Amino acid sequence: MTDILLTGATGSLGHYLLAELLSRTQARVRVLASESEASAAIRLGDLLDELGINLRSFIDSGRVRFVRGRLPDALDPSGLAGIDTVLHAAANTAFVATGEGEPEHTNVRGTAALLAAAAHHGVRHFVQISTAFVCGDETGLIAEEFSESSPPFCNDYERSKWQAEQLVRGWANDQRQATICRPSILFGDAATGRTTSADGVYLIARATDALARAVRTSSAADQHTVPLRILGSPSATCNLVPVDFTARRIVSIITDPAMHGCVHHITNSDPPTHADIKRWLEEYFDIGGGTFSNEHWPLSNPNHYEELFYALGNVVQDYFRDGLVFASRADGNGQPKRRLIDRDDFLRSLRYAHSRKWGRKRPAASCDGVDPEWYFEHHLADTIAQSRVARVHNLTTVVTYTIDAAPDEWTCTFDKGRLTQVVRGQRPESVEFGFTITRNAFNRLVTGEWSPQQVFLDGHADISGDVERALRMVPIIAEYIDEYPVPLVEAPQ
Amino acid sequence: MNTSTLESCPNIIEERQAIAAPGRAIEGVLSYPVDSEPKYSVLVVGPHPLMGGNLDNNVVRALAGGLAANGAVTLAFNYSGVGQSEGGPDDWQAAASQFWATGKVDQERAWIDDANAARKALAKLNIAPMIVVGYSFGCWVTAELPADPDTTRWVLVSPNPNRHRFDGLSKCSIPLLVVHSDNDFASTTEQTRAWFDCLRNPKSLNMLDSAEHFFRGREQALLDTVVQFLESEQTP
Ligand SMILES: NC(=O)c1ccc[n+]([C@@H]2O[C@H](COP(=O)([O-])OP(=O)(O)OC[C@H]3O[C@@H](n4cnc5c(N)ncnc54)[C@H](OP(=O)(O)O)[C@@H]3O)[C@@H](O)[C@H]2O)c1
């Protein structure tokens, strides 16, 4: 029986990998978890429940164990003792480098730490979940092999994954093998549409949702003739692969020694085009009018609808590439192409994610108050683009919100009225001012019970940095909360 | 001196008022002692409506309630567009953008009209002498009011000479009190003192320590300072 160490098990792909390993192999799985065993078991148990797998029974039978650790610094190498195969699916998927040094920290330094521990414990096989986009900006036919030189990358994430591949390649020798699996862009479960991520290509759907809602509530535009420039070409493709399909392929690779030591593209040989996805989104949201444009980001003189659509960033261009084909021995040469995602698959997953409010987590029950993480990273990020705040075009600043009892801190970057980044933790130097607020006052503020002015004047909040600018922000905060107060109990999941 | 404490601010009556301002009704609160005739009237002009200037503001409440408990009839009000007051910026987005960029909005002249309407409403009660108290942005508003012969005292709490001109202060020579906190973000002690030194007489400057611009938790000290000023000066 094989012993496998799985990293990233709580991720979108990771829990499908665990489900596949448990249901299709006899492997014993050690799961690297950054939280206590009890809370990891609950979190992962909930995810596997949705896939019809009872994690508890596998824990009880000894097939699943947890190893506590976080890459790269909090990894106890002894957790790898007795492991045959490492399946490394953990990654930081931030496209743009953050103040905390991500994604390089987790993806490069984390992989290096894991490789060192694996070498120390005589691990024989290391399976690296990479990305097909280690090819960066290259076009044409991308071979299933290590790239010798670094291509021009489109973002920091791609660079970090390419660097990690190089480390993994350097680790292999005649005693041990390294296998690279390169999925393209993960999409919902082929059978159910299920997805646990509302990022990636779903960002385009969320942007379209925001646009459709804005158009319907305004009398100024017809919903079928919305003036929207869509950056990119209609023939560019979006290489989506269903997450369950991807996990199945990876586990097949692990269980077939003939596949070890190679690079595998897990990609879509007949991916939907930009025009397909535009058409499907238009159908789903009953909206129209967008036209393809070969302009470059950022858009010149964006109109109100374009500002709304692009409020989450350049959501479109990140996911569509022109003239890019991934070689794949799994697809077979000369075989007819297989459509992995058609209109029905796309709409099924859209319905799934939309009905779950694009992954918006339910705020904690009223006895615990509102979860600040949910508030800053989901609620604020999801709603502010549709609020009146988005029309305060000169609102450019960096603000930190500290919830004192947590003690948690979120830094929000506003650029011309758009919320462009929400980062948890360390304050960047660019912070202009900050609000520190008690946990209780935070709950009352975001539910609309207390006004920001009241919270401050009654001594429940303090201001650091430029007080004058902070005070000028207060009416903007008040307006936003007035428009989007947190209901104490949110819509059903 | 018989200074009421805020905690025991009880023996006053508060009445909601609709004040007729040009083209709109604004909301006011009239406060006066339960069991004695008011000795003087006080108009309380609050801070910027976009910076917490409303009838619930801690300084507005402390002064309006505390001075009423001390024997005054006081009138505080919500600027137009705030609370139940009618009017306000037609275009929130434009006002918010302008305020974010400059700390000012076009609407500010209308807020002077609101204060003037409140002062006229208070004057109709015929309880002399009349005292005008401004706080923060309200200091500038009081300085922009038309000259009024019935006003006999002037109190400015946390004026911001870095932002506003106070030319109106020279229009009359009634006793003036400026209250400043030594850690006011808007104006340092040196700046306030330099500005104060150039003002006409009679005048006095009272420094409170560590009360910031907002007097959070220091409302009583502020009230005591103002009451002391009002009681120490003889009505001309
Ligand atoms: N999503 C895609 O479209 C896509 C496409 C191609 C390739 N991939 C690759 O597929 C893999 C899985 O991606 P995903 O979308 O499933 O990611 P995900 O949902 O963001 O999950 C990431 C996982 O990695 C863990 N993790 C993050 N930082 C870690 C650290 N410093 N130490 C230990 N664990 C850490 C997370 O644990 P916590 O939740 O505890 O932080 C989580 O379990 C990644 O290697 C990714 O690069 C993804």
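Just so we're clear, the structure is a prediction, and the values are computed from it rather than from any experiment. Protein chains get the first letters and strands the later ones, always in sequence-line order, with residue 1 at the start of each.
A donor-acceptor contact closer than 3.5 angstrom links the side chains of A/Glu432 and A/Thr397. One side chain, B/Tyr32 or B/Glu15, offers a donor N or O that lies under 3.5 Å from an acceptor on the other. A donor-acceptor contact under 3.5 angstrom links the side chains of A/Glu295 and A/Ser300, judged on distance only. Remark: the B/His213 side chain and the B/Asn183 side chain contain no N/O donor-acceptor pair separated by less than 3.5 Å. For the residue pair B/Gln84 and B/Asn78, no side-chain donor N or O sits within less than 3.5 Å of a side-chain acceptor on the partner.
Residues of residues 46-60 of chain B lying within less than 4.5 angstrom of chain A, judged on heavy atoms, are B/Leu50, B/Met51, B/Gly52, B/Asn57, B/Asn58 in numerical order.
Heavy atoms closer than 4.5 Å to chain A are found in the side chain of B/Phe185, but not in its backbone.
Taking the six-membered ring where the residue is Trp, B/Trp111 and B/Tyr79 present tilted rings, their angle falling between 30° and 60°.
Of the listed residues (A/Thr396, A/Val392, A/Asn394), the greatest number of heavy-atom pairs within a distance under 4.5 Å of chain B belongs to A/Asn394. In terms of heavy-atom pairs under 4.5 Å with chain B, the best-connected choice from A/Glu479, A/Arg388, A/Arg472 is A/Arg472.
The shortest non-hydrogen separation linking A/Asn301 to A/Arg229 is O-NH2, 3.3 Å.
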